[in-house]
Engineer: 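To start, I am sharing the structure in question, which I have written as structure tokens.
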Amino acid sequence: MNQFQFATDLFTGLNDAQKAAVECTEGPVLVLAGAGSGKTRVLTHRIAHIVQQRLARPWQVLAVTFTNKAAGELKQRAAQITDGGDEVAAGTFHSTMLRVLRRDAETLGYPRDFSIFDADDSVRLVKQILKDHSEDRFRPKMVHSAISKLKNDLVDPETYDARAKLPFERVVAAVYPEYKKRLKVLGGMDFDDLITLPIQLFREYPAVLNYWSGRWRYLHVDEMQDTNRAQFELLRQLAGPKPNLFAVGDDDQSIYGWRGARVDNIFSFKDVFEGAKVFRLEQNYRSTQQILDLANAVVSKSIRREEKKLWTNRSGGVVPEVVGVGTDIDEAREVVDRIGRATLSGKRAFKDFAILYRTNAQSRLFEDALRAMRYPYQVLGGVGFYSRKEIRDALAYFRLCLNPLDELSLRRIIAEPPRGIGATTLQKLQAFGAEHDRSLFEVMTKSNLVDGLGTRAVNACQKFTEQILTWQTALHSIQPPKPAENGDAEAIPDDVQSIAEGEAAEPAPLEKWAQTVLEESGYIGRLRDEGDFEAQGRLDNLDSLFNSLAEHSVRRGTLQDYLEQAALASDQDKYDPGADSVRLMTIHAAKGLEFPSVFVTGLEDKTFPLSSPDDDDSRDLDEERRLFYVAVTRAHDELVLTYTQNRRVWGQFTDMGPSPFLLDLPKDSIEWTGRNPMSSAGKYQGLQKAQGYTGSGGGSWKPRTLSKAPRKQASAELPVLGRLGGGTQHDEPNEESQATSPQTAHVSGEDIPAVRAGDLVTHPKFGQGIVIATSPFQDSVRVTVEFDGIGQKKLIQKIARLQPVKDF
DNA sequence: TAAGTGAAATTTTTT
DNA sequence: ATTTCACTTA
């Protein structure tokens, strides 16, 4: 009865291509779905279809996405049209695999309550290793991201060691195995382990693979273009010899190459999964034709892509607009002005607007402007709740109670608050532990055995470990450690299981426990004592932590679950579609979302497409192009692109050239608006001169044309910008002063020595080196130096003050 | 041992 | 500009 009802509904309102894809329930299927072509719809309808046809129970259907947000939406929408749809196993790759690992971690030699190390933890660990090797040539973050890429590419340490040649690669090759080893010793997994360890598990224990692949009979993957090698392998394993794999993706929206995503996974899908059926969804239901034209114009310049053309039968709409402004502050004001006008006239609600930018750092000025006008807004991403210091500290306490092996957490809180255990003591404990192959925590419980420790230190250790153990016991009393799950557990959906398991919930025992821990540890007390504005803010944040813990506790979640969610759920997910507020986020964060009116901001060279100031070739222009495509296709009917001529970067006023993407726009179907575009012309000239002189420093060389060249070229290619020159505004006073006083500003830099390529220079830390190259950097010079025995460094002369070594 | 001081690095984008 | 990290001093 119901079934018939569902069946008719399911296919009405789908176009032919969508229908065909939904109906194709067996075998490998690839759906190439352009932006706004209804891919989530296809996914959810197919899932509903499978369930209705009784091909599988809802919990036998797996859908993997990249963000929790997407998973949540998928689940919710599936639930609306499917009987039992909320039992569908929908989650991110990471959270799904975490379930697998929780069940069998011990098989792989990890503790049951293994910790999850987020990016920050992982980098810390790398840093420690680098320090132990007294290696400080490379940034821990870079080394970690190299390791992460290797893991995602399924390259093991031995293989890499054999091929690593360059100094940086050698360092990575040295750190990689050590990093892996230490992670395991600490009973921790990093993000990449959550993908690669299941692969290993499945390889070594076919029974485990059988369990999961038998359970998930229909696999769905969203955003296939963003999968990396490891994820692809995982899918292949789970899909098994008779793959029921339904992949949806769009190569034009591949924007995660920087973290190892392989668009190739889309191109090679047909080869890897033989007989795969391919469907294309090209009808767009979201945007106006003008917006699509603009999107197509830019992305069609990409080198390798599946040819497709989005179209819509929506008519009407507003012509997309490009707006040039003087400074980043003007940009924020302009955008907020427009939002104000549209909302005050009642044409739009605040939530109709999204302000998109390339980097999180750009959000601040928009926030300021919105706050000044008292307009409601929410910022997605950025420095998230869980990355604040006090929250991380608190979680470290919790983590340590669950997993005393977690030395990273231990070190994090050992001096928060100070308890008389300092670097020296830790050093001795560590050495002892290394000798006897014991964890740091264990050594601390027996610190009296460690030579050379004063009674004070021993007592401090004693007290600390006793506290932890007490809290651990308390935790177990409210939340008994789970008995080992027997291997032949029935295929009960976990969600159901966990609900059935729970007992009558007391009023938020977890919250109480957490409060006790932070009180007794003295953490909260110390914040209270500090009593300043900042400490108060931290206390407030801890309060929110307690609240969310209480909520979690009421829903019978365990602390373990909570920590997992904290590690895997980013700020990204707190997006509240209901609230009437302007949305601010990076373009990456906006993928999968849509808004009636969208501002894409910062369309300047080096901002978007983004590249570091010194080396231009580091950027992947094609990926930036696709990012632009993603950005503009978020808009239903109104699209405004903004760019500035001068922006503050790293606290420095910096002249900006227009984004090359602006040159690719179909000129006729766009409206160009210049607000006060020439206001900075005078300043611009002035700054150029200033930069020239700064570059020369002591004056040993002639002023160079520096940023002039790219500017000239850009405006030559973009005559439209010239048209903007009709602006009538004049320089502001502070610009004037900059323009007229380059000398005064910079000749005072007599103590900043001038250097040029070939010079022999000294640096207080790195010693002697040869200057390889110099390039203008803001109001100073960026100098590349080859230091003896250290390698190349890039330094800002204004700060580093390299001293030339006089010839002799 | 721990708090206080200055230099220097930081800014992609996220699970 | 803001934040982090290494080195110095109470």
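When reading the values below, keep in mind they use all heavy atoms of this one structure, side chains included, and skip hydrogens, waters and symmetry mates. Lettering of chains follows the sequences in order, A, B, ..., and the numbering in each one begins at 1.
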Engineer: Check whether the side chains of A:Asn646 and A:Thr327 place a donor and an acceptor atom closer than 3.5 Å, and report yes or no.
Structural biologist: no

Engineer: Could you pick out which residue, A:Leu426 or A:Asp192, lies toward the 5' side of DNA chain B when each is mapped onto its nearest nucleotide?
Structural biologist: A:Leu426

Engineer: Rounded to whole Å, please give me the gap between CG in A:Asn228 and C1' in B:dT14.
Structural biologist: 12 Å

Engineer: To the nearest Å, give me how far apart CD (A:Glu416) and C1' (B:dA3) are.
Structural biologist: 12 Å

Engineer: To the side chain of A:Pro418, which of B:dT14, B:dA3, B:dT1 is closest?
Structural biologist: B:dA3

Engineer: Check the distance between B:dT14's P and A:Asn152's CG and give it to me in whole angstrom.
Structural biologist: 16 Å

Engineer: Which is true for A:Thr425 with a 4.0 Å heavy-atom rule: it touches a base, it touches only sugar-phosphate, or it touches nothing?
Structural biologist: sugar-phosphate

Engineer: Who are the side-chain contact (heavy atoms from CB on, under 4.5 Å) partners of A:Thr642, not counting sequence neighbours?
Structural biologist: A:Val323, A:Glu331, A:Val335, A:Thr601, A:Val640

Engineer: Is there aromatic stacking of A:Trp258 on B:dT13 here, judged by a ring-centre distance under 5.5 Å and a plane angle under 30°?
Structural biologist: yes

Engineer: Starting from C1' on B:dA8, measure out to CZ on A:Arg137 and report it in whole angstrom.
Structural biologist: 20 Å

Engineer: When the distance from CZ of A:Arg526 to P of B:dA2 is rounded to whole Å, what number comes out?
Structural biologist: 10 Å

Engineer: State which of B:dT11, B:dT15, B:dT13 makes the closest approach to the side chain of A:Ala361.
Structural biologist: B:dT11

Engineer: Report the residues that fulfil ring-ring contact (aromatic ring centres under 6.0 Å, His included) with A:Tyr562, sequence neighbours left out, ordered by chain and then residue number.
Structural biologist: A:His552

Engineer: Among the candidates B:dT1, B:dT14, C:dT2, find the nucleotide nearest to the side-chain atoms of A:Arg364.
Structural biologist: C:dT2

Engineer: NA contact type, A:Phe66, heavy-atom cut-off 4.0 Å: base, sugar-phosphate, or nothing?
Structural biologist: sugar-phosphate

Engineer: Which one, B:dT14, B:dT15, B:dA3, comes nearest to the side chain of A:Asn360?
Structural biologist: B:dT14

Engineer: Determine the interatomic distance between C1' on B:dT11 and the same-named atom on C:dA6; round to the nearest Å.
Structural biologist: 23 Å

Engineer: Rounded to whole Å, how long is the line connecting atom NZ of A:Lys131 with atom P of C:dC7?
Structural biologist: 9 Å

Engineer: With a 4.0 Å cutoff (strictly under), does any side-chain N or O of A:Arg358 reach OP1 or OP2 of B:dT11?
Structural biologist: no

Engineer: Distance check, P atoms only: C:dT4 and B:dT13, in whole angstrom units.
Structural biologist: 15 Å

Engineer: Looking only at side chains, do A:Arg388 and A:Asn541 share a donor and an acceptor under 3.5 Å apart?
Structural biologist: yes

Engineer: When you measure from the side chain of A:His588, which nucleotide among B:dT14, C:dA1, B:dT15 comes out closest?
Structural biologist: B:dT14

Engineer: Using 30° and 60° as the class limits, which term best fits the ring planes of A:Phe628 and A:Phe608: parallel, tilted or perpendicular?
Structural biologist: tilted

Engineer: Write down the distance between CG (A:Asp121) and P (B:dT15), rounded to a whole number of angstrom.
Structural biologist: 16 Å

Engineer: Is any side-chain nitrogen or oxygen of A:Ser611 closer than 4.0 Å to OP1 or OP2 of B:dT12?
Structural biologist: no

Engineer: Under 3.5 Å, side chain of A:Thr425 to main-chain N/O of A:Ile421, donor-acceptor pair present?
Structural biologist: no

Engineer: Without decimals, in angstroms, what is the distance between A:Arg259 CZ and B:dT12 P?
Structural biologist: 16 Å

Engineer: Is a side-chain N or O of A:Arg626 found less than 3.5 angstrom from the main chain of A:Ser254, in a donor-acceptor match?
Structural biologist: yes

Engineer: Counting side-chain heavy atoms from CB outward, which of C:dA1, B:dT13, B:dT15 is closest to A:Arg648?
Structural biologist: C:dA1

Engineer: Strictly below 4.0 Å: does A:Thr586 bring a side-chain N or O up to OP1 or OP2 of B:dT14?
Structural biologist: yes

Engineer: Counting side-chain heavy atoms from C-beta on, which of B:dT12, B:dT13, B:dA2 comes nearest to A:Leu610?
Structural biologist: B:dT12

Engineer: Counting the atoms with a prime plus P, OP1 and OP2 as sugar-phosphate, which does A:Tyr256 contact under 4.0 Å by heavy atoms, base, sugar-phosphate, or nothing?
Structural biologist: sugar-phosphate

Engineer: For a quick test of reading the model: is some side-chain N or O of A:Lys69 closer than 4.0 Å to OP1 or OP2 of B:dT15?
Structural biologist: no

Engineer: Which nucleotide sits closest to the side chain of A:Thr359: B:dT13, B:dT11, B:dA3?
Structural biologist: B:dT13

Engineer: Give a yes/no answer on whether the side chain of A:Lys389 brings an N or O atom under 4.0 Å of OP1 or OP2 in C:dT3.
Structural biologist: no

